**Student:** 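Starting off with a structure, shown below.
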Amino acid sequence: MSVMKQFKISAYLASPIHIGTGDTLDPFSYVIKDKKLYRFDTSAYISKLESNKINQITQILKKPSLSSTLEARKFIYDNFEYEKMKDIIFEEQDLNKGSFGASYEKNLSSLANNDPRNKAMNQLEIEAIYSSGGVPIIPGSSIKGSIRTAIINKIIEDEGIHYNPKEINAYKNLMKNMNFSFTDDIFKCLKISDFSPTKKEVRKTVGYFLNFPKNSLDKEIGDTTMSVAAEVIMPFQLFIGEISVSAVPEHTYKSQFKKILADKTELFKCLNRHYLELFKKDYKLFESNAPKNMFVTVAKEQFLEKLSNNDYAVIKVGKHSGAEGVTFKERAITIKGNKKRQTVYDAKEPGTVWYFSRYNSKDLKQLSQKEKEIFPLGWMVLI
């Protein structure tokens, strides 16, 4: 299928982004020493050990159990010597800021190893991000998914299409009725490359996904706030890629589709129609509660006016993009109940939202207002 249009796109990360692989980093393949995280292949690590040490780790691993797993992790930490292992290290990360380094050492301690509730094991695992050849990238499929949502939502609104989001298989039936099923998809004419960083060194870090009640920030931080360790690509970096459009096939909404993809400005209008109000909502929330947060200062200086004029477009990608960003306007969000509240099956917005910080909830609570660091997740500005 020949390409009819091609847009060169720059993507500026306005907040941390996590596009996962489903894999986790485990202390069998990393250690943290002197506030630096070192990643390596476990078999290469073992090959660097002296024969008596190889026998020790072999004996530990012959007894698969929770206690032996923790013992093996502790062994790897205790026997890691940078000078001996430096030629097998394929990645180093500076963890000078944040909680994870201290949490790692605490959870490798003998006290943690005797934890009968298995909390230590879970807290040592890190949700990994997508990369190619060891370099973090933004997969084109993630960007295409966000664009797809915005385009379909525009058609739904413009054509006055109504559906009952609470009925069984509502989304599946809607896509079928609109002829947007994946088996014969008009979106095949839209190709989006992976977006690669413009600089060789990509800043990423390990921190925590933090879950807060909707429309609140640090006022709601408590020791029990859910914290999940994860890698993210840090904000304020530039990635580049391409959007290509080939001939639009026959389809119920061919004319609408062609208009949206006529040029970059029309596409940006469509994207901003879906995402810009959500972006401004995050901006206002942080401006009110954390006015010195980098998300606020950078967004204010560079983006708001150009986004309003559709010179730029904003989208949300990756994990914890939020139900409002990845679903259509007539939506029903299920909020699971607990001992204190009943399940809500038709909420118009989620009851909680996820943010990112290099500090876990306990440490974040102890920081001064000036030191507090919280970011929204997934915001990317297309230029």
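In what follows, every heavy atom counts, from backbone to side chain, and hydrogens, waters and symmetry copies are set aside. Only a predicted model underlies this, so the values are computations on that prediction, with no experimental measurement involved.
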**Student:** Would Phe187 and Phe180 count as a ring pair (Phe, Tyr, Trp, His ring centres under 6.0 Å) if you check the C-alpha gap in whole Å, the side-chain angles of each, and the deciding distance to 0.1 Å?
**Tutor:** CA-CA 8 Å; Phe187 282 89; Phe180 279 125; 5.8 Å; yes
**Student:** Run the salt-bridge test on Lys254 and Glu250 with the 4.0 Å N-O cut-off and return the result as yes or no.
**Tutor:** yes
**Student:** Below 4.5 Å, heavy atoms only, C-beta onward: do Leu37 and Val206 meet side chain to side chain?
**Tutor:** yes
**Student:** Please report the interatomic distance CD(Gln6) to NZ(Lys264), rounded to the nearest 0.5 Å.
**Tutor:** 12.0 Å
**Student:** Yes or no on ring pair (Phe, Tyr, Trp, His ring centres under 6.0 Å) for Tyr12 and Phe239, after CA distance, side-chain angles and deciding distance?
**Tutor:** CA-CA 6 Å; Tyr12 187 85; Phe239 286 65; 10.0 Å; no
**Student:** Evaluate Phe195 against Ile143 for side chain to side chain contact (heavy atoms under 4.5 Å, CB included), listing each step before the verdict.
**Tutor:** CA-CA 9 Å; Phe195 276 54; Ile143 298 171; 3.3 Å; yes
**Student:** Can you pull out every side-chain hydrogen bond (donor to acceptor under 3.5 Å, both in side chains) where at least one residue sits in residues 91-102? Sequence neighbours excluded, please.
**Tutor:** Arg39-Glu91, Tyr82-Glu92, Glu91-Gln93, Glu91-Lys204, Gln93-Glu231, Ser99-Asp363
**Student:** Decide yes or no for Lys362 and Asn360: does some side-chain heavy atom of the first lie under 4.5 Å from some side-chain heavy atom of the second?
**Tutor:** yes
**Student:** Please determine whether side chain to side chain contact (heavy atoms under 4.5 Å, CB included) holds for the pair Ile32 and Leu95, giving the CA-CA distance in whole Å, both sets of side-chain angles, and the decisive distance to 0.1 Å.
**Tutor:** CA-CA 9 Å; Ile32 298 174; Leu95 298 184; 3.7 Å; yes
**Student:** Is Asp158 salt-bridged to Arg273, cutoff N-O under 4.0 Å?
**Tutor:** yes
**Student:** When rounded to the nearest 0.5 angstrom, what is the spacing between SG in Cys270 and CD1 in Ile260?
**Tutor:** 4.5 Å
**Student:** Run Phe295 and Phe375 through ring pair (Phe, Tyr, Trp, His ring centres under 6.0 Å) and show every step you take.
**Tutor:** CA-CA 7 Å; Phe295 172 70; Phe375 291 99; 7.9 Å; no
**Student:** Can you list the steps and then say if Ser103 with Asn107 is a side-chain hydrogen bond (donor to acceptor under 3.5 Å, both in side chains)?
**Tutor:** CA-CA 6 Å; Ser103 177; Asn107 287 316; 3.2 Å; yes
**Student:** May I ask you to test the Ile88-Tyr38 pair for a side-chain heavy-atom distance under 4.5 Å?
**Tutor:** no
**Student:** Is there a side-chain contact between Leu278 and Trp379 in this structure, where contact means two heavy atoms from C-beta onward sitting under 4.5 Å apart?
**Tutor:** yes
**Student:** Backbone N or O of Leu238 within a donor-acceptor pair of the Thr198 side chain at under 3.5 Å?
**Tutor:** yes
**Student:** With sequence neighbours excluded, what pairs up with Lys269 under the salt bridge (Lys or Arg N to Asp or Glu O under 4.0 Å) test?
**Tutor:** Glu266
**Student:** May I ask you to test the Asn79-Ile57 pair for a side-chain heavy-atom distance under 4.5 Å?
**Tutor:** no
